[in-house]
Amino acid sequence: MRSKFFAGVARRAFGSARSTRPLPLKDGRAFGSAAICKGVPQSVLSFAARATHESTASAKWILAAAALPAAVLGSAVSTVHAAEIERTFIAIKPDGVQRGLISEIISRFERKGYKLVAIKILTPTKEFAMLHYDDLKERPFFNGLCDFLSSGPVVAMVWEGQGVVKYGRKLIGATSPHNSEPGTIRGDLAISVGRNIIHGSDGPETAKNEINLWFKPEELVDYGLDSEKWLYEP
């Protein structure tokens, strides 16, 4: 009776394995395969899997029941981490490219721990620049902004990580270099507001729109880094 009860709980927590046969918790392998389908770390499952080798039915039941909350917790943690990861659009403007600051800027984002998932160099047309700065089209400096962005090569990038939109802006610094703190990109490397070398999305929705404007979906690369286990808490 107890085995059937926990089998039902496991099915609700993890979903059914691909096999259509029932999921008895006394079978550590069935429990493991169902949990893996939902992304629970293998290390969490090893405790439940040991139930297969125990000699008594009660030992199997105890091990499987004890492993269930841990597996559910592992699944929840994975979901939280996935929700926190975001992407932002960063562009090195023509002045930054001409001054040879590409590697300097990229290294600052890499040292922070963010991951580069897309990059290309291009010279935007003025029409494209107008699309990029569309939210500023009513401002008196709009035409000058578009002229400058289309005046030479731009390095367009997408960076990924927890809080990358907000903290990417902190790395960049205030719009005016005079108001940027030392240690920021603009605070260290720029002098004039009209030559502030870099652009960064100012919010999650803006980031999404700018990424879609500058990149095709197939130009964004999904990959993992071994260093991520040293960046994010489990």
Side-chain angles (χ1 to χ4, degrees), residues 83-222:
E84 291 174 348
I85 297 297
E86 59 186 16
R87 288 174 172 178
T88 193
F89 174 74
I90 301 293
I92 304 174
K93 298 178 182 179
D95 52 331
V97 174
Q98 294 294 335
R99 291 178 55 196
L101 297 175
I102 297 172
S103 61
E104 169 72 21
I105 291 170
I106 288 176
S107 69
R108 292 194 180 210
F109 279 83
E110 285 186 323
R111 290 202 304 268
K112 178 69 175 177
Y114 295 132
K115 180 168 63 179
L116 184 64
V117 297
I119 184 171
K120 60 184 174 183
I121 185 168
L122 70 159
T123 300
T125 64
K126 184 169 181 179
E127 290 73 22
F128 187 89
M130 292 171 71
L131 291 174
H132 175 76
Y133 285 125
D134 183 68
D135 60 319
L136 301 174
K137 60 185 177 184
E138 303 300 329
R139 307 297 289 271
F141 50 79
F142 173 70
N143 194 59
L145 276 178
C146 296
D147 283 338
F148 179 65
L149 190 65
S150 59
S151 66
V154 171
V155 176
M157 300 175 285
V158 179
W159 289 87
E160 181 181 278
Q162 289 186 12
V164 70
V165 175
K166 177 180 177 179
Y167 292 104
R169 294 278 291 185
K170 287 181 177 288
L171 284 175
I172 290 171
T175 301
S176 172
H178 295 296
N179 298 325
S180 296
E181 295 294 329
T184 64
I185 292 171
R186 288 170 176 160
D188 289 349
L189 304 175
I191 296 173
S192 170
V193 67
R195 298 292 184 270
N196 61 8
I197 70 178
I198 189 170
H199 165 86
S201 301
D202 60 8
E205 191 61 31
T206 303
K208 181 179 178 181
N209 293 337
E210 291 178 343
I211 291 170
N212 290 337
L213 176 64
W214 288 78
F215 289 92
K216 299 175 183 178
E218 60 267 25
E219 293 177 313
L220 304 175
V221 181
D222 291 309

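Just so you know, these numbers come straight off a predicted model, no measurement behind them. Heavy atoms only: backbone and side chains are in, while hydrogens, waters and symmetry mates are out. When a residue number appears, it is its place in the shown sequence, counting from 1.
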I want to check something: taking the side chain as every heavy atom from C-beta on, are [X] and [Y] in contact at a cut-off of under 4.5 Å?
X: Arg87; Y: Leu220; answer: yes
X: Arg186; Y: Ser176; answer: no
X: His199; Y: Lys93; answer: yes
X: Val154; Y: Ile121; answer: no
X: Ile90; Y: Ile172; answer: yes
X: Phe148; Y: Pro94; answer: yes
X: Leu149; Y: Tyr133; answer: yes
X: Leu131; Y: Glu127; answer: no

Problem - Salt-bridge contact Arg169-Asp202 (side-chain N to carboxylate O under 4.0 Å) - result: no
Exercise for the section: Would you kindly check if the NZ (Lys) or CZ (Arg) of Arg108 is within the cone defined by 45 degrees around the ring axis of Tyr114 and under 6.0 Å from the six-membered ring centre? Expected result: no
Practice task
Tell me whether the guanidinium CZ or amine NZ of Lys112 lies under 6.0 angstrom from the six-membered ring centre of Tyr167 and within 45° of its axis.
Solution key: yes
Main-chain N/O of [Y] paired to [X] side chain as donor or acceptor, under 3.5 Å:
X: Asp188; Y: Pro182; value: no
X: Thr184; Y: Ser180; value: no
X: Glu86; Y: Val165; value: yes
X: Asn196; Y: Thr175; value: yes

Working to the nearest 0.5 angstrom, can you tell me the gap between [X] [atom1] and [Y] [atom2]?
X: Ile92; Y: Ile198; atom1: CD1; atom2: CD1; answer: 6.0 Å
X: Gln162; Y: Ile85; atom1: CD; atom2: CD1; answer: 4.5 Å
X: Ile119; Y: Glu219; atom1: CD1; atom2: CD; answer: 12.0 Å
X: Leu101; Y: Ile106; atom1: CG; atom2: CD1; answer: 11.0 Å
X: Lys208; Y: Ser201; atom1: NZ; atom2: OG; answer: 13.0 Å
X: Asp95; Y: Ile191; atom1: CG; atom2: CD1; answer: 11.5 Å

Problem - Residue pair Asn143 / Lys126, side-chain donor-acceptor N/O under 3.5 Å - result: yes
Exercise for the section: Check whether more than 12 heavy atoms from other residues, nucleotides or ligands sit under 6.0 Å from atom NZ of Lys137, and answer yes or no. Expected result: no
Problem - Over 12 foreign heavy atoms within 6.0 Å of CD, Glu181 - result: no
Fill in the blank from the handout: Closest non-hydrogen atoms of Gly152 and Pro124, given as atom of the first, atom of the second and distance, are O-CD, 3.8 Å
Fill in the blank from the handout: Shortest non-hydrogen pair, Phe89 vs His132, comes out as CE2-CE1, 3.9 Å
Problem - Step-by-step side-chain contact (heavy atoms from CB on, under 4.5 Å) determination, Trp214 to Leu122 - result: CA-CA 10 Å; Trp214 288 78; Leu122 70 159; 3.8 Å; yes
Practice task
Would you check, one step at a time, whether the test side-chain contact (heavy atoms from CB on, under 4.5 Å) holds for Asn209 with Leu213?
Solution key: CA-CA 6 Å; Asn209 293 337; Leu213 176 64; over 6 Å; no
Problem - Pair Val97-Ile197, side-chain contact (heavy atoms from CB on, under 4.5 Å): steps then yes or no - result: CA-CA 8 Å; Val97 174; Ile197 70 178; over 6 Å; no
Problem - Residues Thr88, Val158; criterion side-chain contact (heavy atoms from CB on, under 4.5 Å); working and verdict - result: CA-CA 6 Å; Thr88 193; Val158 179; over 6 Å; no
